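Scroll down for the structure; my scribbles are underneath it.
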Amino acid sequence: GPKLVNKLKTILYIKTGFIFDKVKDISYYNTDNDVRIQERSIVSKKSRIFPFSRFTNSILDENSYISLFAFINNTQIGKYCSISMNFKSG
């Protein structure tokens with residue numbers, strides 16, 4: 001169903017960086033890169049979340065990225081934002 005498709009899109013995005021349309025309502029934990037994207041999160045197709053980060057109940061808009069070791073919860077990040085290492089929000 002649709003949930004499986006979103007999970008597959010998320011897995012491919014995190015592993016390869018391949019960009020899909022916006023991924024909604026995803027919950028995924030990648031043990032290779034240690035990236036965790038939790039439910040009720042929206043990640044733009046033109047954004048990137050780097051390894052060892054947690055992204056929960058948040059929105060990441062176009063052309064933005066989250067660097068290593070970031071913990072983001074209940075946060076909306078706009079377009080063209082660069083989030084630094086060890087950033088904590090929410």
Side-chain angles (χ1 to χ4, degrees):
K3 286 188 178 185
L4 178 60
V5 170
N6 278 342
K7 278 197 175 193
L8 291 173
K9 285 181 180 181
T10 304
I11 291 167
L12 287 172
Y13 174 75
I14 292 170
K15 291 218 177 244
T16 66
F18 186 79
I19 299 171
F20 292 94
D21 291 331
K22 287 187 179 183
V23 180
K24 296 183 181 183
D25 296 329
I26 54 177
S27 179
Y28 179 69
Y29 178 64
N30 179 343
T31 54
D32 293 338
N33 291 330
D34 200 26
V35 172
R36 194 177 290 178
I37 303 172
Q38 299 290 340
E39 294 179 13
R40 295 183 307 276
S41 292
I42 300 172
V43 179
S44 172
K45 64 182 181 178
K46 296 180 181 179
S47 298
R48 180 85 192 262
I49 300 175
F50 285 87
F52 310 109
S53 296
R54 305 290 181 272
F55 193 75
T56 307
N57 194 27
S58 298
I59 298 171
L60 183 62
D61 213 337
E62 294 178 1
N63 299 307
S64 294
Y65 77 88
I66 298 171
S67 193
L68 302 165
F69 305 106
F71 291 85
I72 297 172
N73 186 31
N74 299 318
T75 303
Q76 182 174 349
I77 298 170
K79 295 179 180 181
Y80 304 100
C81 293
S82 300
I83 305 302
S84 69
M85 287 180 65
N86 298 314
F87 177 78
K88 292 178 181 37
S89 173

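Quick caveat, the model's predicted, so the values are computed rather than measured. FYI, the numbering just counts along the sequence from 1.
- The CD1 atom of Ile72 sits 7.5 Å away from the CG atom of Leu60 when rounded to the nearest 0.5 Å.
- Under the ring-ring contact (aromatic ring centres under 6.0 Å, His included) criterion, Tyr65 pairs with Phe50, sequence neighbours left out.
- Contact detail for Phe52 and Leu68: the closest heavy-atom pair is CD1-CD2, 4.2 Å.
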Practice prompt. Apply side chain to side chain contact (heavy atoms under 4.5 Å, CB included) to the pair Ile77 and Ile66, showing each step before the final yes or no.
Written response: CA-CA 10 Å; Ile77 298 170; Ile66 298 171; 4.2 Å; yes
Show which side-chain atoms of residues 80-90 pair as donor or acceptor with protein atoms under 3.5 Å away, not counting sequence neighbours.
unit_1, atom_1, unit_2, atom_2, d
Tyr80, OH, Asn63, ND2, 3.4
Ser89, OG, Thr75, OG1, 2.7

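- Residues that satisfy the side-chain contact (heavy atoms from CB on, under 4.5 Å) test with Asn73, not counting sequence neighbours, are Thr56, Asn57.
- Panel note: side chain Ser58, backbone Asn74; a donor-acceptor pair is recorded below 3.5 Å.
- Between the Ser64 side chain and the Gly78 main chain, a donor and an acceptor come within less than 3.5 Å of each other.
- Nearest heavy atoms, Ile49 versus Phe55: CD1-CG, 3.9 Å.
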